[in-house]
Each structure stands twice: as C-alpha cells, then as structure tokens.
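Read the numbers this way: they start at 1 and go in the same order the structure lists the ligands and their atoms. Throughout, numbering of the chain's residues begins at 1 and tracks the sequence.
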Amino acid sequence: MAAMPQEVVDARLGRVTRAIYEYLEKTQEDGRRAHLGASLIGKPCRRQVWYTWRWAKNIKHEGRLLQLFKTGHLAEPRFIDDLKAIGAQVVSHDENGQQFRFTAHGGHFAGSLDGVATGLPYAPKTWAVLEFKTHSHKSFLTLVSKGVKIAKPEHYSQMQIYMLEMGLDRALYLAKDKDKDEMHDEWITLDKPFAEAEKAKALAIIQADIPPAGVAAEPGAFECKFCDFKDLCFGEQVPEPTCRSCAHATPVLDRPQPDGSGTWACARWESDIPLDAQRAGCGGHRYIPIFLANVAEPQDYHNGDVVYRVRKNGKLFANGEGPAAFSSAEIHACPDKAGIPIAGELKGMFPTAKIIG
Ligand code: SF4
Ligand code: SF4
C-alpha cells in the first residue's frame with residue numbers, strides 16, 4: 001500500500017483531540033450557579049466570591065481544563081471503591097440516587113458532599129464527611145508538607161461547613177497525585193467557631209449589595225494574577241447585565257423555592273425572578289452604580305434612569321430605558337466606556353441606533 005502523503009498525516013494530527021475539546025466546550029454546564037457554593041467560601045478574596053455569586057462573568061473553560069475537571073470527577077468512584085476495599089461503609093447518594101446536599105441562608109448557600117463513611121481504620125464507629133480531591137504533582141507535594149488547612153484553605157472550609165450542616169464532627173480528606181497516583185489522607189475535626197464564622201461570611205456575601213473589599217489593592221498582586229475578574233476589579237469592564245448585577249434585584253432570605261433553592265425578587269416588576277429569567281435579565285436592568293465606579297460617577301436619578309459622569313472626560317450619559325439612555329447591554333458591550341457619551345450624541349441624531357460591541 002502506498003504511504004499516506006505527509007500533508008494528509010499532518011492534517012489529521014490532533015483532529016480527534018480538537019473534536020473532543022470542542023464537544024466538551026460546547027456541552028459545558030452554565031457556570032452561573034443558582035447558589036453560592038460551599039466550595040468557594042474559603043477562597044482568600046471575598047470580592048472574587050461575591051463576583052462569582054453575582055454572575056459578573058459567564059466563565060467558559062477551554063477543552064483541556066474541562067478534561068481535567070472530568071478526570072477529577074471520574075476519580076470519585078475509585079476513591080469509594082478503595083475505601084470499601086479496606087472495610088469502610090460508604091454512602092455517597094441518598095435513596096433517590098442524589099448526592100447528599102445541604103442548603104442554608106434561604107437556599108442561597110449550598111453544597112453537595114462526596115459522601116459519608118464509617119468503619120475507617122482510626123475511627124471504626126464514627127461517621128465522617130468524605131471529601132475527595134485530585135491534585136497536580138506540585139499541589140500534592142505542598143498538601144503533604146503543609147496539610148490541607150494551610151495548603152488548600154478552601155477545601156478545609158468546605159469540609160468544616162459540611163460537618164456543621166450534616167451534624168458530624170469528623171471529615172476524611174482523601175487526595176491523590178494525578179501524576180503518580182500517590183495518595184494522602186487527613187482526618188479533620190470540626191472547629192465549630194470557625195465553621196460558624198465561615199457560614200456567617202457566606203451570609204454577609206449573599207446580603208452584600210456592593211462588592212466587598214478585595215484581597216489586594218493593586219492588579220499586580222499575586223492573588224489577582226489568575227483571577228477571572230481582574231478587568232472588572234481594576235479595569236473598565238462591567239459585569240454581564242443579568243439580574244444578579246441589577247440594582248432592582250434582591251436575594252430573599254426567608255422564602256426558599258419549593259425545591260429548596262433561593263428566591264430572588266425584582267423591585268422593578270414587583271415579582272420573583274425565575275432562574276432562567278435571572279440569566280437573561282431584561283430591558284429594565286440598571287447597573288448597581290458601584291459596578292461603573294472605575295469609569296464614571298453617578299450624578300442624578302432621572303425618570304428611572306441613572307445619570308453618570310465619565311471620569312476621563314467629564315461627559316454625561318444615562319443608564320436606563322429613556323430615549324437618550326443606554327441599556328446595560330449596550331454599556332456592557334462598549335469596550336471604551338469613555339466613548340459612551342459620544343455615542344450618546346450620535347444616538348440623538350439616530351435614535352434607533354444601538355451599541356452592539
Ligand atoms: S482581581 Fe484580585 S482583588 Fe479583585 S476580585 Fe480578583 S483576586 Fe480579588
Ligand atoms: S429589572 Fe429586569 S434585570 Fe433587573 S432584576 Fe428585574 S427582571 Fe432582572
């Protein structure tokens with residue numbers, strides 16, 4: 001058989017990988033979760049947690065990273081098999097086949113456990129929360145040398161919250177090095193004051209209607225280096241115009257939905273907002289003014305529109321539904337916010353014109 005031409009070989013190289021990555025990217029879950037997750041609460045920057053909770057960005061991951069997350073999920077049944085093999089009794093799902101889940105703060109704070117177990121070597125009669133994590137080699141070495149509380153504070157907080165909410169006082173942290181398959185386990189005891197403080201922190205973040213202080217005051221800080229929200233925190237970007245960034249929306253703390261999830265209410269339409277509608281937002285959206293603080297200062301409130309003065313050039317523009325105002329979607333789409341008032345002058349000449357990015 002004749003050899004395949006090199007250009008055909010080259011054209012085929014990596015096509016399967018690309019197809020898999022593209023599939024994963026196309027089918028990835030919407031990262032804008034209804035609730036504030038217990039897995040986030042131990043992160044060092046409260047502002048970052050608040051931005052996530054307020055859906056400031058719909059973060060999409062690339063295929064390679066999604067493959068990495070999948071590897072982590074696929075490791076869970078293996079952790080369970082290994083525990084069962086040494087005689088532990090493991091329960092990872094309830095009678096309906098659902099992961100154990102807690103909700104608090106009106107359904108707005110929630111998390112799902114990897115499982116609970118008893119019959120572990122050092123505690124044969126005690127039920128413990130289970131938390132399984134896979135690590136890169138570097139992260140695993142830090143974990144082993146420093147322990148989970150120091151090396152992975154968000155995992156530690158997550159387990160503390162789970163123990164508090166499940167009424168258990170022990171947790172088993174079981175980790176694996178993805179490169180070498182080496183394992184590490186830690187037995188964590190409930191620190192009730194700490195867990196309650198983390199739960200109170202979650203409530204403060206849920207109730208905050210402006211971003212809490214960030215972990216750093218400068219964009220060059222190490223903590224901010226890989227933060228998805230850097231351009232919001234220190235730049236001119238504004239959050240996506242969903243209900244979560246709208247001045248009219250409030251999380252309701254005392255009236256969860258029938259499925260236990262949290263309720264959001266809209267003061268503009270005087271109604272609760274279904275989850276899908278929260279993601280879409282509406283024409284009545286008005287940015288919480290502090291979201292534009294890096295760009296403009298609020299000056300006035302006129303017929304429901306908020307009037308801003310641009311810091312760079314002193315010109316005015318309005319966010320709202322009035323004929324000369326800009327919708328939040330237009331403000332979000334405009335890469336140079338200082339140019340909005342200039343676009344406003346054009347709007348005067350061409351009233352139906354819109355900024356579409
Ligand atoms: S950029 Fe820095 S301060 Fe701002 S949210 Fe991210 S981590 Fe926090
Ligand atoms: S006005 Fe519209 S975008 Fe704002 S909270 Fe109500 S439904 Fe959501």
Polar protein atoms near atom 2 (Fe) of ligand 2 [N, O or S; cut-off under 2.8 Å]: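 Protein N, O or S atoms closer than 2.8 Å to atom 2 (Fe) of ligand 2: Cys282 SG.
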Starting from Tyr173, can I reach Leu168 by hopping between I/L/V/M/F/W/Y residues whose side chains sit under 4.5 Å apart?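 Yes, it is one cluster - the side chains of Leu168 and Tyr173 are joined through contacts under 4.5 Å.
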Give a yes or no on this: more than 12 heavy atoms of other residues, nucleotides or ligands lie within 6.0 Å of atom [atom1] of [X].
X	atom1	answer
Gln207	CD	yes
Tyr122	OH	yes
Tyr23	OH	no

A cation-pi test, strictly: NZ or CZ of Lys199 under 6.0 Å from the centre of the six-membered ring of Phe109 and no more than 45 degrees from its axis. Yes or no?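 Relative to the ring axis of Phe109, which defines the angle, Lys199 lies outside at least one limit.
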What heavy-atom pair brings Leu66 and His61 nearest, and what distance separates the two atoms?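 The answer is CD1-O, 3.4 Å.
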At their closest point, which heavy atom of Trp50 faces which heavy atom of Asp209, and how far apart are they?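 Answer, listing the atom of Trp50 first, then Asp209: CZ2-C, 3.9 Å.
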Report the relative orientation of the aromatic rings in Phe79 and Phe132; use parallel for angles under 30°, tilted for 30 to 60°, perpendicular for over 60°.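 Phe79 and Phe132: parallel rings.
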Taking only heavy atoms of Phe234 into account, list the atoms of ligand 1 that are under 4.0 Å away from them.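 So the atoms of ligand 1 that pass are 1 (S).
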So, using salt bridge (Lys or Arg N to Asp or Glu O under 4.0 Å) as the criterion, who are the partners of Asp114 when residues are at least two apart?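 With neighbours one apart ignored, the set is empty.
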I'd like to check the salt bridge (Lys or Arg N to Asp or Glu O under 4.0 Å) partners of Arg255; sequence neighbours left out, ordered by chain and number.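 For Arg255 the salt bridge (Lys or Arg N to Asp or Glu O under 4.0 Å) partners, ignoring immediate neighbours, are Asp272.
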Protein N, O or S atoms lying under 2.8 Å from atom 8 (Fe) of ligand 1, listed by chain and number: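 Counting only protein N, O or S atoms under 2.8 Å from atom 8 (Fe) of ligand 1, the list reads Cys45 SG.
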